*Asks:* 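Got a structure for you, questions after.
Note that the structure is predicted; figures quoted are calculated from it, not measured. Each chain gets a letter, A, B and so on, in the order the sequences are listed, and its residues count up from 1.
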Protein chains: 2
Amino acid sequence: MTDINFSKSSVASDSQEAASPAPRTGEFRWDIIELLFFAYRDFVGDADHELEAFGFGRAHHRVMHFVYRYPGLKVADLLDVLRITKQSLGRVLKQLLDEGYIIQKTGNNDRRQRLLYATPKGEALVAKLAGLQTDRITRALRDINPEGVAAISEFLRAMIDRDDPDKVLEAIFGIGSKKPRE
Amino acid sequence: MTDINFSKSSVASDSQEAASPAPRTGEFRWDIIELLFFAYRDFVGDADHELEAFGFGRAHHRVMHFVYRYPGLKVADLLDVLRITKQSLGRVLKQLLDEGYIIQKTGNNDRRQRLLYATPKGEALVAKLAGLQTDRITRALRDINPEGVAAISEFLRAMIDRDDPDKVLEAIFGIGSKKPRE
DNA sequence: CAAGATATGTCAACATGACTGACATAAATT
DNA sequence: AATTTATGTCAGTCATGTTGACATATCTTG
(Lines give C-alpha, C1' and ligand atoms only; values in the text may rest on other atoms or scores of the structure.)
Protein backbone atom coordinates (compact mmCIF):
# COMPACT_ATOMS: atom_id res chain seq x y z
CA MET A 1 0.00 0.00 0.00
CA THR A 2 2.90 2.30 0.74
CA ASP A 3 4.72 0.84 -2.20
CA ILE A 4 5.48 4.16 -3.80
CA ASN A 5 7.54 4.11 -6.93
CA PHE A 6 7.38 7.85 -6.86
CA SER A 7 11.09 8.45 -6.41
CA LYS A 8 11.67 6.39 -9.53
CA SER A 9 9.78 8.91 -11.59
CA SER A 10 11.02 12.05 -9.94
CA VAL A 11 14.66 11.25 -10.47
CA ALA A 12 14.07 11.52 -14.18
CA SER A 13 14.63 15.26 -14.06
CA ASP A 14 13.73 18.26 -11.99
CA SER A 15 11.53 19.78 -14.63
CA GLN A 16 9.52 16.57 -14.91
CA GLU A 17 8.52 16.02 -11.31
CA ALA A 18 4.94 17.09 -11.74
CA ALA A 19 4.63 16.34 -15.41
CA SER A 20 4.32 12.56 -15.43
CA PRO A 21 3.81 11.02 -12.02
CA ALA A 22 4.23 7.28 -12.18
CA PRO A 23 1.22 5.28 -11.01
CA ARG A 24 1.39 3.18 -7.88
CA THR A 25 1.03 -0.54 -8.27
CA GLY A 26 -0.01 -3.24 -5.84
CA GLU A 27 -2.59 -5.85 -5.13
CA PHE A 28 -5.47 -4.03 -6.80
CA ARG A 29 -6.89 -4.08 -10.30
CA TRP A 30 -6.03 -0.44 -10.90
CA ASP A 31 -5.87 -1.14 -14.60
CA ILE A 32 -9.48 -2.28 -14.93
CA ILE A 33 -10.73 0.25 -12.39
CA GLU A 34 -9.29 3.14 -14.37
CA LEU A 35 -10.13 1.73 -17.79
CA LEU A 36 -13.74 1.38 -16.70
CA PHE A 37 -13.76 4.97 -15.48
CA PHE A 38 -12.41 6.43 -18.72
CA ALA A 39 -14.30 4.06 -21.01
CA TYR A 40 -17.60 4.86 -19.37
CA ARG A 41 -16.85 8.57 -19.29
CA ASP A 42 -16.31 8.68 -23.03
CA PHE A 43 -19.11 6.22 -23.72
CA VAL A 44 -21.75 8.40 -22.08
CA GLY A 45 -20.03 11.51 -23.38
CA ASP A 46 -21.17 10.62 -26.89
CA ALA A 47 -24.79 10.94 -25.87
CA ASP A 48 -24.32 13.91 -23.54
CA HIS A 49 -23.22 16.14 -26.38
CA GLU A 50 -26.23 15.29 -28.55
CA LEU A 51 -28.66 15.64 -25.66
CA GLU A 52 -27.77 19.29 -25.20
CA ALA A 53 -29.33 20.06 -28.56
CA PHE A 54 -32.62 18.68 -27.25
CA GLY A 55 -32.38 20.43 -23.91
CA PHE A 56 -32.23 17.08 -22.17
CA GLY A 57 -29.83 15.48 -19.74
CA ARG A 58 -28.64 11.98 -18.97
CA ALA A 59 -31.71 11.27 -16.92
CA HIS A 60 -33.92 11.78 -19.98
CA HIS A 61 -31.69 9.50 -22.02
CA ARG A 62 -31.90 6.66 -19.54
CA VAL A 63 -35.68 6.89 -19.35
CA MET A 64 -36.08 7.10 -23.13
CA HIS A 65 -33.68 4.23 -23.67
CA PHE A 66 -35.46 1.73 -21.46
CA VAL A 67 -38.95 2.80 -22.52
CA TYR A 68 -37.95 2.34 -26.15
CA ARG A 69 -36.23 -0.95 -25.58
CA TYR A 70 -38.90 -2.49 -23.38
CA PRO A 71 -42.23 -1.18 -24.72
CA GLY A 72 -45.02 -1.22 -22.20
CA LEU A 73 -42.69 -0.86 -19.23
CA LYS A 74 -44.57 0.20 -16.10
CA VAL A 75 -43.54 3.20 -14.05
CA ALA A 76 -42.68 0.88 -11.18
CA ASP A 77 -40.40 -1.20 -13.43
CA LEU A 78 -38.59 1.93 -14.52
CA LEU A 79 -38.03 2.90 -10.90
CA ASP A 80 -36.46 -0.51 -10.24
CA VAL A 81 -34.18 -0.30 -13.25
CA LEU A 82 -33.00 3.26 -12.73
CA ARG A 83 -32.93 2.96 -8.94
CA ILE A 84 -34.23 6.44 -8.37
CA THR A 85 -37.26 7.77 -6.53
CA LYS A 86 -40.59 8.36 -8.19
CA GLN A 87 -40.19 12.09 -7.54
CA SER A 88 -36.96 12.14 -9.52
CA LEU A 89 -38.44 10.05 -12.30
CA GLY A 90 -41.61 12.11 -12.28
CA ARG A 91 -39.84 15.27 -13.29
CA VAL A 92 -38.11 13.94 -16.37
CA LEU A 93 -40.99 11.66 -17.31
CA LYS A 94 -43.40 14.59 -17.24
CA GLN A 95 -41.15 16.53 -19.61
CA LEU A 96 -40.86 13.60 -22.00
CA LEU A 97 -44.64 13.14 -21.96
CA ASP A 98 -45.37 16.84 -22.41
CA GLU A 99 -42.94 17.14 -25.30
CA GLY A 100 -44.30 14.07 -27.04
CA TYR A 101 -41.38 11.64 -26.73
CA ILE A 102 -43.32 9.13 -24.66
CA ILE A 103 -46.99 8.18 -24.36
CA GLN A 104 -48.79 6.43 -21.54
CA LYS A 105 -51.47 3.79 -21.89
CA THR A 106 -53.65 2.56 -19.10
CA GLY A 107 -53.06 -1.10 -18.27
CA ASN A 108 -55.70 -3.49 -19.53
CA ASN A 109 -55.70 -5.77 -16.52
CA ASP A 110 -54.77 -3.27 -13.89
CA ARG A 111 -56.11 0.12 -14.76
CA ARG A 112 -53.89 1.79 -12.15
CA GLN A 113 -50.82 1.04 -14.20
CA ARG A 114 -49.41 3.46 -16.74
CA LEU A 115 -47.61 1.54 -19.47
CA LEU A 116 -44.98 3.58 -21.23
CA TYR A 117 -44.22 3.64 -24.95
CA ALA A 118 -41.87 5.72 -27.08
CA THR A 119 -43.50 7.82 -29.80
CA PRO A 120 -41.82 8.02 -33.24
CA LYS A 121 -40.21 11.24 -32.02
CA GLY A 122 -38.87 9.38 -29.01
CA GLU A 123 -37.70 6.47 -31.11
CA ALA A 124 -35.75 8.81 -33.34
CA LEU A 125 -33.95 10.30 -30.34
CA VAL A 126 -33.04 6.93 -28.87
CA ALA A 127 -31.86 5.66 -32.24
CA LYS A 128 -29.65 8.69 -32.75
CA LEU A 129 -27.98 8.25 -29.37
CA ALA A 130 -27.70 4.47 -29.67
CA GLY A 131 -26.12 4.99 -33.08
CA LEU A 132 -23.34 7.08 -31.61
CA GLN A 133 -22.69 4.57 -28.87
CA THR A 134 -22.89 1.64 -31.25
CA ASP A 135 -20.31 3.31 -33.49
CA ARG A 136 -17.90 3.54 -30.57
CA ILE A 137 -18.52 -0.06 -29.54
CA THR A 138 -18.16 -1.38 -33.08
CA ARG A 139 -14.90 0.52 -33.46
CA ALA A 140 -13.63 -0.89 -30.17
CA LEU A 141 -14.57 -4.46 -31.11
CA ARG A 142 -13.18 -4.21 -34.64
CA ASP A 143 -9.91 -6.02 -33.99
CA ILE A 144 -11.20 -8.48 -31.42
CA ASN A 145 -12.00 -12.06 -32.40
CA PRO A 146 -15.29 -13.80 -31.52
CA GLU A 147 -13.81 -15.51 -28.46
CA GLY A 148 -12.63 -12.13 -27.23
CA VAL A 149 -16.05 -10.59 -27.78
CA ALA A 150 -17.60 -13.46 -25.85
CA ALA A 151 -15.17 -12.84 -23.00
CA ILE A 152 -16.09 -9.14 -22.93
CA SER A 153 -19.78 -9.97 -22.77
CA GLU A 154 -19.19 -12.56 -20.07
CA PHE A 155 -17.09 -10.13 -18.05
CA LEU A 156 -19.67 -7.35 -18.17
CA ARG A 157 -22.44 -9.76 -17.17
CA ALA A 158 -20.39 -11.04 -14.27
CA MET A 159 -19.84 -7.48 -13.06
CA ILE A 160 -23.59 -7.05 -12.51
CA ASP A 161 -25.32 -7.90 -9.23
CA ARG A 162 -27.66 -10.82 -9.75
CA ASP A 163 -29.48 -10.69 -6.46
CA ASP A 164 -32.90 -9.09 -6.76
CA PRO A 165 -32.87 -8.53 -10.52
CA ASP A 166 -35.42 -6.16 -12.02
CA LYS A 167 -37.56 -6.85 -15.09
CA VAL A 168 -34.96 -5.57 -17.50
CA LEU A 169 -32.15 -7.62 -15.99
CA GLU A 170 -34.40 -10.66 -16.10
CA ALA A 171 -34.82 -10.06 -19.81
CA ILE A 172 -31.09 -9.57 -20.31
CA PHE A 173 -30.05 -12.63 -18.37
CA GLY A 174 -33.02 -14.78 -19.32
CA ILE A 175 -35.73 -15.63 -16.86
CA GLY A 176 -35.24 -18.84 -14.94
CA SER A 177 -31.55 -19.44 -15.59
CA LYS A 178 -29.91 -18.11 -12.48
CA LYS A 179 -26.55 -19.57 -13.42
CA PRO A 180 -24.67 -18.69 -16.61
CA ARG A 181 -23.05 -22.15 -16.53
CA GLU A 182 -23.51 -24.96 -19.01
CA MET B 1 -34.38 3.16 -37.42
CA THR B 2 -38.15 2.78 -37.55
CA ASP B 3 -37.76 -0.96 -37.30
CA ILE B 4 -40.40 -1.32 -34.64
CA ASN B 5 -41.46 -4.65 -33.28
CA PHE B 6 -43.79 -2.71 -31.09
CA SER B 7 -47.07 -4.42 -31.92
CA LYS B 8 -45.38 -7.79 -31.70
CA SER B 9 -44.57 -7.39 -28.03
CA SER B 10 -47.76 -5.76 -26.92
CA VAL B 11 -50.01 -8.48 -28.33
CA ALA B 12 -48.11 -11.16 -26.43
CA SER B 13 -50.85 -11.62 -23.87
CA ASP B 14 -53.10 -9.63 -21.64
CA SER B 15 -51.77 -10.93 -18.38
CA GLN B 16 -48.16 -10.60 -19.41
CA GLU B 17 -48.21 -7.29 -21.19
CA ALA B 18 -46.53 -5.29 -18.47
CA ALA B 19 -44.73 -8.08 -16.70
CA SER B 20 -41.96 -8.93 -19.15
CA PRO B 21 -41.81 -6.60 -22.11
CA ALA B 22 -39.75 -8.11 -24.90
CA PRO B 23 -36.73 -6.03 -25.87
CA ARG B 24 -36.50 -4.55 -29.33
CA THR B 25 -33.71 -5.69 -31.56
CA GLY B 26 -32.05 -4.12 -34.54
CA GLU B 27 -28.82 -2.78 -35.88
CA PHE B 28 -27.52 -1.47 -32.60
CA ARG B 29 -25.31 -2.98 -29.92
CA TRP B 30 -28.06 -2.88 -27.32
CA ASP B 31 -26.40 -5.76 -25.54
CA ILE B 32 -23.14 -3.96 -24.85
CA ILE B 33 -24.87 -0.62 -24.26
CA GLU B 34 -27.03 -2.10 -21.51
CA LEU B 35 -24.34 -4.32 -20.04
CA LEU B 36 -22.09 -1.27 -19.70
CA PHE B 37 -24.88 0.64 -17.97
CA PHE B 38 -25.59 -2.05 -15.40
CA ALA B 39 -21.97 -3.10 -14.92
CA TYR B 40 -20.88 0.46 -14.25
CA ARG B 41 -23.86 1.12 -11.99
CA ASP B 42 -22.98 -1.79 -9.75
CA PHE B 43 -19.24 -1.15 -10.02
CA VAL B 44 -19.52 2.38 -8.63
CA GLY B 45 -22.24 1.24 -6.27
CA ASP B 46 -19.66 -0.70 -4.27
CA ALA B 47 -17.83 2.49 -3.39
CA ASP B 48 -20.93 4.66 -2.97
CA HIS B 49 -22.11 2.64 -0.02
CA GLU B 50 -18.79 2.87 1.80
CA LEU B 51 -18.41 6.57 1.09
CA GLU B 52 -21.57 7.38 3.02
CA ALA B 53 -19.85 6.31 6.22
CA PHE B 54 -17.22 8.98 5.57
CA GLY B 55 -19.70 11.66 4.58
CA PHE B 56 -18.21 11.78 1.12
CA GLY B 57 -19.61 11.36 -2.37
CA ARG B 58 -18.37 10.09 -5.69
CA ALA B 59 -16.59 13.34 -6.39
CA HIS B 60 -14.39 12.84 -3.34
CA HIS B 61 -13.64 9.28 -4.40
CA ARG B 62 -12.51 10.30 -7.86
CA VAL B 63 -10.20 12.97 -6.48
CA MET B 64 -8.74 10.68 -3.81
CA HIS B 65 -8.26 7.89 -6.32
CA PHE B 66 -6.21 9.86 -8.79
CA VAL B 67 -4.22 11.71 -6.16
CA TYR B 68 -3.30 8.40 -4.54
CA ARG B 69 -2.50 6.68 -7.77
CA TYR B 70 -0.46 9.51 -9.29
CA PRO B 71 1.35 11.12 -6.36
CA GLY B 72 2.37 14.69 -7.03
CA LEU B 73 -0.44 15.32 -9.46
CA LYS B 74 -0.97 19.05 -10.03
CA VAL B 75 -4.35 20.69 -9.59
CA ALA B 76 -4.39 21.45 -13.31
CA ASP B 77 -3.78 17.76 -14.13
CA LEU B 78 -6.66 16.76 -11.94
CA LEU B 79 -8.93 19.21 -13.73
CA ASP B 80 -7.97 17.62 -17.05
CA VAL B 81 -8.58 14.11 -15.83
CA LEU B 82 -11.89 14.76 -14.12
CA ARG B 83 -13.08 17.25 -16.73
CA ILE B 84 -14.71 19.53 -14.20
CA THR B 85 -14.19 23.20 -13.38
CA LYS B 86 -11.76 24.37 -10.75
CA GLN B 87 -14.69 25.67 -8.71
CA SER B 88 -16.21 22.21 -8.57
CA LEU B 89 -12.90 20.62 -7.76
CA GLY B 90 -12.13 23.33 -5.22
CA ARG B 91 -15.09 22.42 -3.09
CA VAL B 92 -14.27 18.75 -2.65
CA LEU B 93 -10.51 19.29 -2.60
CA LYS B 94 -10.85 21.79 0.24
CA GLN B 95 -12.81 19.25 2.26
CA LEU B 96 -10.23 16.53 1.64
CA LEU B 97 -7.41 18.89 2.63
CA ASP B 98 -9.23 20.15 5.73
CA GLU B 99 -10.03 16.65 6.90
CA GLY B 100 -6.49 15.44 6.35
CA TYR B 101 -6.94 13.02 3.46
CA ILE B 102 -4.70 14.96 1.09
CA ILE B 103 -1.73 17.28 1.55
CA GLN B 104 -0.35 19.89 -0.80
CA LYS B 105 3.30 20.60 -1.47
CA THR B 106 4.60 23.61 -3.30
CA GLY B 107 6.32 22.67 -6.56
CA ASN B 108 10.10 22.80 -6.49
CA ASN B 109 10.56 24.25 -9.95
CA ASP B 110 7.37 26.20 -10.18
CA ARG B 111 6.33 27.49 -6.80
CA ARG B 112 2.86 28.35 -8.09
CA GLN B 113 2.02 24.70 -8.43
CA ARG B 114 0.35 22.72 -5.65
CA LEU B 115 1.37 19.09 -5.90
CA LEU B 116 -1.13 16.76 -4.30
CA TYR B 117 -0.39 13.71 -2.18
CA ALA B 118 -2.59 11.32 -0.23
CA THR B 119 -1.95 11.12 3.50
CA PRO B 120 -1.97 7.71 5.21
CA LYS B 121 -5.58 8.45 6.09
CA GLY B 122 -6.31 9.12 2.43
CA GLU B 123 -4.43 6.02 1.34
CA ALA B 124 -6.50 3.90 3.67
CA LEU B 125 -9.72 5.24 2.19
CA VAL B 126 -8.62 4.65 -1.38
CA ALA B 127 -7.39 1.15 -0.55
CA LYS B 128 -10.68 0.27 1.08
CA LEU B 129 -12.69 1.37 -1.93
CA ALA B 130 -10.29 -0.14 -4.45
CA GLY B 131 -10.47 -3.37 -2.51
CA LEU B 132 -14.22 -3.59 -2.97
CA GLN B 133 -13.97 -2.85 -6.66
CA THR B 134 -11.06 -5.24 -7.11
CA ASP B 135 -13.10 -7.98 -5.46
CA ARG B 136 -15.87 -7.48 -7.97
CA ILE B 137 -13.45 -7.42 -10.89
CA THR B 138 -11.57 -10.50 -9.70
CA ARG B 139 -14.85 -12.36 -9.31
CA ALA B 140 -15.93 -11.32 -12.80
CA LEU B 141 -12.62 -12.40 -14.34
CA ARG B 142 -12.46 -15.69 -12.43
CA ASP B 143 -13.63 -17.95 -15.24
CA ILE B 144 -12.07 -16.03 -18.11
CA ASN B 145 -8.83 -17.23 -19.69
CA PRO B 146 -5.80 -14.96 -20.29
CA GLU B 147 -6.74 -14.34 -23.92
CA GLY B 148 -10.20 -13.27 -22.79
CA VAL B 149 -8.76 -10.93 -20.16
CA ALA B 150 -6.52 -9.42 -22.82
CA ALA B 151 -9.54 -8.87 -25.05
CA ILE B 152 -11.39 -7.14 -22.22
CA SER B 153 -8.47 -4.83 -21.59
CA GLU B 154 -8.10 -4.12 -25.29
CA PHE B 155 -11.80 -3.39 -25.63
CA LEU B 156 -11.88 -0.95 -22.71
CA ARG B 157 -8.81 0.85 -24.03
CA ALA B 158 -10.35 1.13 -27.48
CA MET B 159 -13.47 2.65 -25.97
CA ILE B 160 -11.46 5.63 -24.70
CA ASP B 161 -10.89 8.79 -26.74
CA ARG B 162 -7.22 9.09 -27.59
CA ASP B 163 -7.24 12.62 -28.94
CA ASP B 164 -5.88 15.12 -26.45
CA PRO B 165 -4.98 12.66 -23.69
CA ASP B 166 -4.32 14.02 -20.21
CA LYS B 167 -1.37 13.08 -18.00
CA VAL B 168 -3.11 10.09 -16.52
CA LEU B 169 -4.18 8.69 -19.87
CA GLU B 170 -0.64 9.16 -21.12
CA ALA B 171 0.53 7.05 -18.21
CA ILE B 172 -2.11 4.41 -18.87
CA PHE B 173 -1.48 4.12 -22.56
CA GLY B 174 2.25 4.72 -22.28
CA ILE B 175 3.97 7.56 -24.03
CA GLY B 176 5.46 5.35 -26.70
CA SER B 177 6.87 2.58 -24.52
CA LYS B 178 5.83 2.65 -20.88
CA LYS B 179 3.16 0.18 -19.86
CA PRO B 180 1.55 0.26 -16.43
CA ARG B 181 1.98 -3.14 -14.80
CA GLU B 182 -0.82 -5.17 -13.25
C1' DC C 1 12.76 45.77 -14.21
C1' DA C 2 8.07 46.21 -15.81
C1' DA C 3 4.41 43.88 -18.03
C1' DG C 4 1.99 40.08 -19.00
C1' DA C 5 0.87 35.21 -18.62
C1' DT C 6 0.01 31.27 -15.71
C1' DA C 7 -1.47 28.38 -11.55
C1' DT C 8 -4.32 28.48 -8.08
C1' DG C 9 -8.03 30.02 -4.95
C1' DT C 10 -12.41 32.19 -3.88
C1' DC C 11 -17.09 34.55 -4.00
C1' DA C 12 -21.67 34.47 -5.86
C1' DA C 13 -25.40 32.81 -8.55
C1' DC C 14 -27.53 29.16 -10.85
C1' DA C 15 -28.92 24.24 -13.04
C1' DT C 16 -29.57 19.39 -12.78
C1' DG C 17 -30.77 15.44 -10.76
C1' DA C 18 -30.65 13.02 -6.80
C1' DC C 19 -33.06 12.75 -1.90
C1' DT C 20 -36.95 12.70 2.12
C1' DG C 21 -41.56 13.39 3.81
C1' DA C 22 -46.30 14.27 3.31
C1' DC C 23 -50.39 13.83 1.03
C1' DA C 24 -53.99 12.81 -2.99
C1' DT C 25 -56.46 9.83 -6.18
C1' DA C 26 -58.03 5.88 -8.51
C1' DA C 27 -58.32 1.16 -8.79
C1' DA C 28 -57.50 -3.44 -7.07
C1' DT C 29 -57.66 -6.71 -3.22
C1' DT C 30 -59.28 -8.57 1.06
C1' DA D 1 -66.23 -1.41 3.56
C1' DA D 2 -61.57 -1.20 4.59
C1' DT D 3 -57.06 -1.59 3.09
C1' DT D 4 -53.39 -1.89 -0.09
C1' DT D 5 -51.24 -0.66 -4.36
C1' DA D 6 -49.78 2.27 -8.43
C1' DT D 7 -49.15 6.54 -9.54
C1' DG D 8 -48.79 11.60 -9.16
C1' DT D 9 -47.57 15.87 -6.85
C1' DC D 10 -46.01 19.61 -3.53
C1' DA D 11 -42.23 21.34 -0.84
C1' DG D 12 -37.75 21.44 0.80
C1' DT D 13 -32.84 19.84 0.81
C1' DC D 14 -28.33 18.14 -0.85
C1' DA D 15 -24.43 17.01 -4.00
C1' DT D 16 -22.19 18.27 -7.80
C1' DG D 17 -21.89 20.34 -11.85
C1' DT D 18 -21.91 25.18 -14.41
C1' DT D 19 -20.49 30.55 -15.59
C1' DG D 20 -18.45 34.90 -14.50
C1' DA D 21 -15.62 37.91 -11.92
C1' DC D 22 -11.78 38.81 -9.38
C1' DA D 23 -7.38 38.13 -6.11
C1' DT D 24 -2.65 36.56 -5.32
C1' DA D 25 1.61 34.64 -6.06
C1' DT D 26 4.92 33.37 -9.24
C1' DC D 27 7.02 32.58 -13.66
C1' DT D 28 8.20 34.36 -18.32
C1' DT D 29 9.21 37.79 -21.59
C1' DG D 30 10.09 42.32 -23.85
*Asks:* For DNA chain D, whose closest nucleotide is more 5', that of B/G55 or that of A/L93?
*Replies:* A/L93
*Asks:* Please step through side chain to side chain donor-acceptor pair (under 3.5 Å) for the pair B/H61 and B/E50, ending with a clear verdict.
*Replies:* CA-CA 10 Å; B/H61 183 196; B/E50 266 297 310; over 6 Å; no
*Asks:* Describe the nucleic acid contact of A/Q95 in one word from base, sugar-phosphate, nothing, applying a heavy-atom distance below 4.0 Å.
*Replies:* nothing
*Asks:* Please tell me whether B/W30 and B/F37 form a close aromatic pair, meaning their ring centres lie under 6.0 Å apart.
*Replies:* no
*Asks:* Once you round it to whole Å, what is the distance between P of D/dC27 and CZ of B/R114?
*Replies:* 11 Å
*Asks:* Take the protein atom NZ of B/K74 and the nucleotide atom C1' of D/dC27, then report the distance between them rounded to whole Å.
*Replies:* 13 Å
*Asks:* Between C1' on D/dT19 and CD on A/E52, what's the gap in Å once rounded to a whole number?
*Replies:* 14 Å
*Asks:* B/L79 has an atom CG; how far is it from atom C1' of D/dT16, in whole Å?
*Replies:* 15 Å
*Asks:* Between atom CG in A/L97 and atom C1' in D/dT9, what is the gap in whole Å?
*Replies:* 14 Å
*Asks:* Is there a residue in residues 80-89 of chain A whose heavy atoms reach under 4.0 Å of DNA chain C, and which residues are they?
*Replies:* A/R83, A/I84, A/T85, A/Q87, A/S88
*Asks:* Please determine whether a side-chain nitrogen or oxygen atom of A/Q104 lies at a distance below 4.0 Å from atom OP1 or OP2 of D/dG8.
*Replies:* yes
*Asks:* Side-chain N or O of B/R62 less than 4.0 angstrom from OP1 or OP2 on D/dA15?
*Replies:* no
*Asks:* At under 4.0 Å between heavy atoms, what does A/R91 touch on the DNA or RNA strands: base, sugar-phosphate, or nothing?
*Replies:* base
*Asks:* Could you check how far CG of B/N109 sits from C1' of C/dA7, rounded to whole Å?
*Replies:* 14 Å
*Asks:* Do A/T138 and A/R142 get their side chains close enough for a donor-acceptor pair, meaning under 3.5 Å?
*Replies:* no
*Asks:* Within 45 degrees of the axis of the six-membered ring of B/F43 and under 6.0 Å from its centre: does B/R136 put its NZ or CZ there?
*Replies:* no
*Asks:* Considering every strand and a 4.0 Å limit on heavy-atom distances, what is the contact class for A/G57: base, sugar-phosphate, or nothing?
*Replies:* sugar-phosphate
*Asks:* I need the CZ-C1' distance between B/R58 and C/dG17, as an integer number of Å.
*Replies:* 12 Å
*Asks:* Ring centroids only, cut at 6.0 angstrom: are A/Y117 and A/F66 within range, meaning strictly under it?
*Replies:* no
